[in-house]
Engineer: 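Below you'll find the structure I mean.
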Amino acid sequence: MSSINVWSRGAKPAFVRFLIFGIILQAVLLVLIYKNSKPSRYSLPNNQSITANISCDDLLNEWDPEVPVLLIDLDFLENLKNEDCRWDETKRVKIGVHVKDKDGSIIDTTRFGVVFYDSQDNKDFLEFNEDGKRIIPKRFETRRIGNFKVPANIQRFIEFYKRSKFVECLGLEMNRNKSEEAYQNGTTSANILARFRDELIDMEMYPLLNGGTLLGWYRECTVIPHTLDLDFSVFKENYKPEYTEKVLRGETDFILRRKFGRLEDSHEITVVSKEEGRPTIDLFVMYDYVEDGKLAYRYISGLSGEKILEFSNKRNPEFSDDGRKFRYTHLLLDPSCAAEMHGHLFWILCNPIDQLKHEYGPLWYLDHPTGKYDWSSSGKNVKSAGRFTWEEMQKYYLEYK
């Protein structure tokens, strides 16, 4: 009896065809898997098209414009900071184009929202033609991706742009008594204050003009000449106490003169430029005052120590005014605006007039000689805040030579 040969001539072609079909099917599946792993765009509801699975640098190279541009889109920069550049391509990416390229540039305005900006040599900030006007410090570096200039320190650039809405000063003519001695020169003081601002920026602090310095800028577009110091404030959450240690180690262009109060509720420092020697600059920490679970106001502190040296051998707290604490209240105003003073950018409250009326009263626009102004009682926004004990004053009222 003969056996049956399964590899008969009729069976072989069918098996070969099946084997070839299987190989082709595997190849098709591999191609599909490979395609799905590549950068792609997929559709979402409302006709959104989102870039996905693509590196930020590759995406910017794909979008590369024909002229150099500054990437200023805060949403895209946040994505870039997190290395996640999925982007809704129905949204235009905001870019800054220098005014010198305004006429000759060909920009895809379906892809980009163009904001023109200028960079003048005699100013330390860039001016953007957006929302009237925005200004940001030039103090940032960029890296190039094609024709894109991308901020190297993205978070710092975001902080700059968040505080960039420009507010103009009034420039009132004061008609001061000519016999009144001028202690400060506006240009010189603004230069010193700008150098101090830069040191604070390098510590990721973003100071606001405060007190008489805010008044002088808004009222006169300069420093009040007969005042003896300059005033900055910085929010508690933004304050870096390490800066004081740097000053004490001699690592900055400033010398520490005083350090007052507790960091948690009443801190301030006073510095002076190593080069010029005057005026002094007070940096106040700005605190939130919460009442019944709600933010009631903000404040900076003051500390009286006028008699501490004179009565340093006395410990009777009733014998002098040492240790009295004060709070200077501030309204809950938007702190995200910027100003110009003598070619320098300084950050300010967006409604400075409201704070000035709160602080100096309805006649804020009149000059008040410094010699007749008492720091602890003349202001309309001063509150008593208790007193430090003699022992506490040894810790919280420090002067340096």
Engineer: Would you kindly check if the NZ (Lys) or CZ (Arg) of Arg298 is within the cone defined by 45 degrees around the ring axis of Tyr287 and under 6.0 Å from the six-membered ring centre?
Structural biologist: no

Engineer: Salt bridge check, Lys94 against Glu130: does any charged N sit closer than 4.0 Å to a carboxylate O?
Structural biologist: yes

Engineer: Think Arg258 forms a cation-pi with Tyr400, using NZ or CZ under 6.0 Å from the six-ring centre and within 45 degrees of its axis?
Structural biologist: no

Engineer: Here's one to test your reading of the geometry: is the NZ or CZ of Arg134 within 45 degrees of the ring axis of Phe128 and under 6.0 Å from its centre?
Structural biologist: no

Engineer: Report yes if the side chains of Gln120 and Asp118 come closer than 4.5 Å at any heavy-atom pair, otherwise no.
Structural biologist: yes

Engineer: Tell me whether Lys274 forms a cation-pi arrangement with Phe254, defined as NZ or CZ under 6.0 Å from the six-membered ring centre and within 45 degrees of its axis.
Structural biologist: no

Engineer: Are the charged groups of Lys240 and Glu242 less than 4.0 angstrom apart, N to O?
Structural biologist: no

Engineer: Under the side chain to side chain donor-acceptor pair (under 3.5 Å) test against Thr270, which residue among Asp229, Thr280, Asp282 passes?
Structural biologist: Asp282

Engineer: Could you tell me if the side chain of Leu80 sits less than 4.5 Å from the side chain of Cys85, heavy atoms only?
Structural biologist: yes

Engineer: So, Arg156 and Glu204, do they make that salt bridge, N to O below 4.0 Å?
Structural biologist: yes

Engineer: Take a 6.0 Å sphere around CD of Glu237 and say whether it holds more than 12 heavy atoms from other residues, nucleotides or ligands.
Structural biologist: yes

Engineer: Can a salt bridge be assigned to the pair Glu127 and Lys123 using a cut-off of 4.0 Å between side-chain N and carboxylate O?
Structural biologist: yes

Engineer: Side-chain contact, heavy-atom cut-off 4.5 Å: Ile281 with Ile192?
Structural biologist: yes

Engineer: List in chain and number order the residues that pass ring pair (Phe, Tyr, Trp, His ring centres under 6.0 Å) with Tyr373, two or more places apart in sequence or in another chain; answer none if no residue qualifies.
Structural biologist: His368

